[in-house]
Amino acid sequence: MYGNQIYYTAIPIPCKSVSTIEVLGEGIVTAAPDTALVILGAVTEGKELQAIQAENAQITADIIQSLLDLSIPREHIQTNDYRIEMMYEFPDGKQVFQGYKVTHLLQITIDQIALTGTVVDTAVSHGANTVTSIQFSVSDRKQLENEALSLAVQNARLKAAAIANALGTSISAVPSKVQEVSSSSEPFPIQRTFQSDVMVTPIEPGQLKIFAAVRVWFAQIT
């Protein structure tokens with residue numbers, strides 16, 4: 001020390017590396033669906049575009065009215081797809097025009113699951129000749145996703161603890177890192193084309209499975 005000046009010498013302290021255990025945790029929650037999303041509509045074909053457009057429009061109007069008569073709110077009925085396509089055949093490699101195809105698909109949201117089959121039957125009886133999909137969901141999906149995530153983290157902790165126990169060590173109480181891998185549910189997709197005189201098989205929603213997965217890192221304690 002000289003006067004009021006003080007000098008310090010830093011002595012490096014060796015750092016001990018921390019071992020980690022990385023695991024994948026999975027969680028599944030099942031629930032009864034309370035909402036159905038049905039996509040169906042009319043497909044018309046012919047040589048005269050205006051004629052098949054008018055035919056398609058009339059069928060679509062009949063379908064919509066039949067659904068309103070079932071007490072489906074108008075705001076639960078919306079156009080999902082509208083297309084006009086030209087159809088061709090290729091005999092001997094030559095392109096030959098065959099006519100037009102007009103497709104108008106409606107998306108119907110049903111908050112009374114028991115009505116799903118009735119909605120499809122009613123639409124078909126009023127001219128719908130294609131049903132592209134039926135998907136079931138739950139209104140409190142976010143809460144169920146959080147439950148699945150919680151189960152996934154618990155599953156990851158159990159796996160990490162089992163690995164640590166086999167190694168003769170333990171894991172930290174709090175993970176050093178958590179990464180959500182995925183979250184999904186099982187839909188109920190179908191794709192069928194109906195003739196107007198064919199009745200639809202009763203539709204069973206079953207149970208919806210919501211899946212979550214997380215990748216978790218735990219510090220290993222010796």
Side-chain angles (χ1 to χ4, degrees), residues 15-40 67 70-73 75-78 80-81 105-121 123 131-192 200-222:
C15 294
K16 183 179 180 181
S17 62
V18 178
S19 299
T20 60
I21 296 176
E22 177 185 344
V23 290
L24 181 69
E26 298 174 325
I28 297 177
V29 173
T30 59
D34 57 15
T35 304
L37 193 68
V38 180
I39 298 178
L40 53 76
L67 297 177
L70 285 178
S71 298
I72 302 296
E75 60 269 22
H76 287 186
I77 306 170
Q78 66 183 73
N80 174 265
D81 187 20
L105 299 179
L106 299 171
Q107 176 177 289
I108 303 107
T109 302
I110 307 167
D111 53 16
Q112 297 182 53
I113 289 292
L115 283 179
T116 304
T118 301
V119 165
V120 174
D121 283 341
V131 178
T132 61
S133 74
I134 298 176
Q135 292 189 352
F136 293 107
S137 62
V138 287
S139 55
D140 59 345
R141 178 180 174 84
K142 186 57 64 177
Q143 176 183 342
L144 295 172
E145 287 178 347
N146 289 338
E147 290 179 15
L149 274 173
S150 178
L151 291 174
V153 172
Q154 294 177 39
N155 179 249
R157 180 178 294 280
L158 289 174
K159 287 182 177 180
I163 294 172
N165 183 63
L167 296 172
T169 61
S170 59
I171 58 172
S172 58
V174 179
S176 56
K177 183 179 178 181
V178 178
Q179 180 183 57
E180 183 179 359
V181 177
S182 66
S183 180
S184 63
S185 61
E186 293 182 355
F188 185 86
I190 67 169
Q191 185 160 352
R192 298 176 63 184
V200 180
T201 303
I203 297 167
E204 297 295 332
Q207 291 286 305
L208 190 69
K209 293 182 180 180
I210 295 178
F211 171 82
V214 291
R215 194 173 301 280
V216 185
W217 290 259
F218 289 92
Q220 191 174 355
I221 302 172
T222 57

Side-chain heavy-atom pair [X], [Y] within 4.5 angstrom cut-off:
X      : Y      : answer
Gln154 : Leu158 : no
Leu144 : Leu208 : no
Trp217 : Pro175 : no
Ile28  : Leu151 : no
Val216 : Lys159 : no
Gln107 : Leu37  : yes

**Study point:** Candidate list Ile221, Ile163, Thr222, test side chain to side chain contact (heavy atoms under 4.5 Å, CB included), partner Thr169, passing option
**Key:**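 Exactly one candidate clears the test, Thr222.
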Revision key, fill the gap. The single option from Ile110, Thr118, Ile108 that satisfies side chain to side chain contact (heavy atoms under 4.5 Å, CB included) with Leu70 is Thr118
Might you point out which heavy atoms bring [X] and [Y] nearest each other, and give the distance in Å?
X      : Y      : result
Phe218 : Ala156 : CE1-O, 4.0 Å
Ala164 : Ile21  : CB-CD1, 3.8 Å
Glu26  : Asn155 : N-OD1, 3.0 Å
Leu40  : Val38  : CD2-CG1, 3.7 Å
Arg215 : Val181 : N-CG2, 3.7 Å
Ala152 : Ala213 : CB-CA, 4.3 Å

Rounded to the nearest 0.5 Å, what separates atom [atom1] in [X] from atom [atom2] in [Y]?
X      : Y      : atom1 : atom2 : answer
Gln135 : Thr109 : CD    : OG1   : 11.0 Å
Leu115 : Asp121 : CG    : CG    : 11.0 Å
Asp34  : Ser137 : CG    : OG    : 6.5 Å
Asp140 : Glu147 : CG    : CD    : 8.0 Å
Leu149 : Phe211 : CG    : CZ    : 10.5 Å

Check your understanding: Counting only heavy atoms not in Gln112, do more than 12 sit closer than 6.0 Å to its CD atom?
Key ->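 Counting neighbours around CD of Gln112, 12 or fewer heavy atoms of other residues, nucleotides or ligands fall under 6.0 Å, so no.
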Check your understanding: Would you say Arg157's side chain and Val174's backbone share a donor-acceptor pair under 3.5 angstrom?
Key ->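 It does not hold such a pair.
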Review point. When you look at Thr20 and Lys177, which way does the side-chain contact (heavy atoms from CB on, under 4.5 Å) test go after all the steps?
Key: CA-CA 10 Å; Thr20 60; Lys177 183 179 178 181; over 6 Å; no
